[in-house]
There are 2 protein chains.
Amino acid sequence: MTVHRSVANLRASSVACPHRADSRCEECKVRASSVCAALRSDELAELEAIAHQVSFAAKESLFLESDKARDVFNITSGVVRLYRLFRDGRRQVIGFSFPGDFLGVQLSTDHGFSADAVSDVSVCRFAKRDFEALLARKPLLMEALHGRAATIMRLMQDQVVSLGRRSAEERMAWFITQLRERTALGGAEGSVSIPMSRQDIADYLGLTIETVSRTLSALAKRGVISVEPGGVRVLKEGLIGELAAG
Amino acid sequence: MTVHRSVANLRASSVACPHRADSRCEECKVRASSVCAALRSDELAELEAIAHQVSFAAKESLFLESDKARDVFNITSGVVRLYRLFRDGRRQVIGFSFPGDFLGVQLSTDHGFSADAVSDVSVCRFAKRDFEALLARKPLLMEALHGRAATIMRLMQDQVVSLGRRSAEERMAWFITQLRERTALGGAEGSVSIPMSRQDIADYLGLTIETVSRTLSALAKRGVISVEPGGVRVLKEGLIGELAAG
DNA sequence: CGGTTACTTGAGATACGTCAAAACGAGTGG
DNA sequence: CCACTCGTTTTGACGTATCTCAAGTAACCG
C-alpha cells in the first residue's frame with residue numbers, strides 16, 4: 001500500500017466546501033483544509049518517502065506516557081484515545097484522535113500521555129528527525145500543522161470549560177455535538193456513531209460510567225436523542241445545541 | 001521606556017542555569033530559555049521596532065472572547081487571567097499568564113477566550129501582521145515560540161486531568177505547586193505569592209470560592225501549608241507534592 | 001447456546017455546592 | 001488613633017448532583 005493513499009485520506013475539517021455546499025462532495029471534503037492541501041504533489045511525494053505504514057489492533061498501544069517521543073503519527077483510519085493514568089487507577093482521557101490527526105508533533109522530549117487504539121487503527125509513522133527536517137523545508141506544511149494545533153488547543157479549552165463548569169447532561173450534549181462535527185459522519189438523519197466505550201466517554205468527561213449511561217437514558221427519555229447500538233441519533237437538533245453551549 | 005527592556009525581562013522557565021546552579025544568578029535566570037535567548041541582539045532590535053508598550057490597570061480587559069485577534073501580546077509584568085464566560089454567569093478560567101508569556105500567537109481568527117488583568121499589567125503589543133512577518137524570517141524565534149506552546153499544552157493537559165479526576169484538595173495542591181514553579185518566586189522558605197482572588201482560583205479549578213477557602217484551611221490545619229496574607233507558605237514539601245501528583 | 005463483557009438501572013453515601021452569617025482587611029474620614 | 005464602610009475571605013448548616021456499590025439485562029463470540 002502506498003503512503004499516498006493515506007495522505008490523501010486526511011480528514012476534512014469543518015471548512016466550507018470550495019465547490020458548493022453539497023455534502024456528497026466527498027473528494028472535496030477529504031481535501032479541504034487538510035494538511036495535504038498545503039502541499040503540491042511533488043511535496044507529497046517527499047512526505048511519502050519518509051513514511052512507514054503501520055497498523056494497530058484495537059486496544060494496542062501506540063505509545064506510553066513514559067516513552068520517549070521518537071515518532072510522529074498521522075492517523076489514516078480508526079480512532080485513538082489519549083489519556084493519562086494515575087497510580088491508583090484513575091484515568092483521564094485527554095482527547096480522541098481521528099483520521100487525519102497528527103500525534104507527537106508538538107512536544108519535544110516526551111508526549112505527556114499514553115495513546116492506544118480504540119478500534120483497529122492504521123497510521124503513517126514518521127521518524128521525528130525526518131519529519132522535522134521536512135517541516136523546516138516546507139513552511140506551508142508547518143503552517144498547516146499550526147492550524148491543526150490551534151484546533152486542538154480550542155478543543156482542549158472546551159474540555160476544560162466542560163469539566164470545570166458544566167453538568168453531566170451538558171457534558172454529554174457537548175460530547176455528542178463535538179463528535180458529530182469531528183467525524184462529519186453524514187450518516188442518515190442525525191445519526192452519530194460512537195466508536196468508544198462508555199468507560200472512555202466517562203474518563204473523557206470526568207464522570208463515571210454509570211452517570212454517562214443514566215444521562216444518555218435521560219436524554220433519550222426526553223426525546224432529545226435515541227440510543228442506538230454503536231451510537232446515538234440526534235432527534236432535537238436545537239435542544240442538544242442549547243445544552244452543549246452551556 | 002524602550003521595548004528592549006521589556007523583551008529582556010522575559011521570564012525564565014525551569015531550565016537549568018548554564019552558569020551554575022546559583023539561584024541568585026538573576027541575569028542568567030531571566031535569559032535562560034526565554035524567547036529572547038533565541039535572538040541575537042540585532043534581531044531583538046527588529047522585535048523592538050514593531051513593539052508598542054501598553055499598560056492595563058487591574059481588572060481592565062486586554063481583549064474579549066468575541067474580539068477579532070489582531071494583536072500579539074508579550075507580558076512584561078503583572079498577571080493576566082484567561083477565561084470564558086457563560087450566558088448564565090458561570091465562568092471558567094482557562095489559565096493565567098505571567099511575565100514572559102505570549103498571548104494571541106496561536107489562534108488565527110479569534111482568541112476563543114477573554115483576557116484581563118489580575119494585577120496592574122504591562123505588555124508589549126505587536127500587530128499580528130508584523131509579528132507573523134517577523135516570525136517567518138526568524139525560524140529560531142518560531143522554534144522558541146513552539147516550545148512555549150508545548151509548555152502551555154502540557155499545562156492545559158494537567159488542568160484537564162485535575163478537573164476531571166482530582167479531588168478539591170488535590171487540585172489546590174496542584175495549583176500551589178504549579179504556581180510556585182511558574183513564578184519561580186524564590187521568596188523566603190517555601191512562600192508562594194498568590195496574586196489572584198479566591199474567585200479566580202475557584203473558577204480555574206472548577207470549584208466554588210467556599211470550597212477553595214475550606215480546602216486551604218484544611219491543608220493549613222494539617223500543617224501542610226500556612227495561609228498568609230497575599231499567599232501561602234508550603235510547610236510540608238513532600239506532602240503537597242504527593243497530593244499534587246494525584 | 002453458555003460464558004463473557006458491556007451496558008443499564010436502582011438505592012444509598014458523599015464530596016462539593018448553596019445560602020447565610022460572621023470575621024477580616026483595606027481604605028476613608030473624623 | 002479610632003470608627004465606619006465596603007469588599008473579600010472564612011466558617012457553618014444544609015441540600016444535591018454525582019459517585020459507589022450491587023444487581024439485573026443486553027450484546028457479543030466462541
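Fair warning: this is a prediction, and the values are worked out from it, not measured in the lab. Proteins come first, then strands; the chains are lettered A, B, ... in the order of their sequence lines, and each starts at number 1.
The nearest heavy atom of DNA chain C to A/R165 and to A/S217 marks one nucleotide each, and the one closer to the 5' end goes with A/S217.
Looking at residues two or more places apart in sequence or on another chain, you find a side chain to side chain contact (heavy atoms under 4.5 Å, CB included) between A/D158 and A/R154, A/W174, B/R84. Scored by the side chain to side chain contact (heavy atoms under 4.5 Å, CB included) test, A/E242 finds no partners at all (sequence neighbours excluded). Shown here are the ring-ring contact (aromatic ring centres under 6.0 Å, His included) partners of A/F175, two or more places apart in sequence or in another chain: A/Y204. A/L239 pairs by the side chain to side chain contact (heavy atoms under 4.5 Å, CB included) definition with A/R222, A/V224, A/K236, not counting sequence neighbours. For A/S97, the side chain to side chain contact (heavy atoms under 4.5 Å, CB included) partners at least two apart in sequence or on another chain are A/I75, A/V80, A/L82, A/D101, A/L103. Judged as a ring-ring contact (aromatic ring centres under 6.0 Å, His included), and not counting sequence neighbours, B/F56 has no contacts.
With a cutoff of under 4.0 Å to any heavy atom of chain B, the contacted region of DNA chain D is bounded 5' to 3' by D/dT9 to D/dA13.
Salt bridge B/R81/B/D116: present, at least one basic N to carboxylate O contact under 4.0 Å.
Separating the CD atom in B/E170 from the OG1 atom in B/T177 is a distance of 11.5 Å, to the nearest 0.5 Å.
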What N/O pairs connect the protein and nucleotides 18-21 of chain C at under 3.5 Å? Give each pair on its own line.
residue : atom : partner : partner atom : Å
C/dT18  : O4   : B/R214  : NH2          : 2.7
C/dC19  : N4   : B/E210  : OE2          : 2.9

Nucleotide N/O of nucleotides 5-7 of chain C paired with protein N/O under 3.5 Å:
residue : atom : partner : partner atom : Å
C/dC7   : OP2  : A/R198  : N            : 3.2

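Residue-level contact check: B/G206 touches the backbone only, with heavy atoms under 4.0 Å from sugar-phosphate atoms and none from bases. No contact: B/L216 has no heavy atom under 4.0 Å from any strand.
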Residues 60-69 of chain B side chain polar contacts: donor-acceptor under 3.5 Å, at least two apart:
residue : atom : partner : partner atom : Å
B/E60   : OE1  : B/A57   : N            : 2.6
B/D67   : OD2  : B/L64   : N            : 2.9

List the atom pairs, donor and acceptor, that lie under 3.5 Å between side-chain atoms in residues 212-219 of chain A and the rest of the protein, sequence neighbours left out.
residue : atom : partner : partner atom : Å
A/T215  : OG1  : A/T211  : O            : 2.6
A/S217  : OG   : A/S213  : O            : 3.0

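Atom CZ of A/R90 has more than 12 neighbouring heavy atoms from other residues, nucleotides or ligands inside a 6.0 Å radius.
Summary of helix geometry: the two end axes of the helix from C/dC1-D/dG30 to C/dG30-D/dC1, each defined by five base pairs via their C1' atoms, are inclined to each other by 40° (rounded to 10°).
Closest approach of B/L163 and B/Q92 over heavy atoms only: CD1-NE2, 4.0 Å.
With hydrogens and angles disregarded, no donor-acceptor distance shorter than 3.5 Å links the side chain of B/R171 to the backbone of B/L207.
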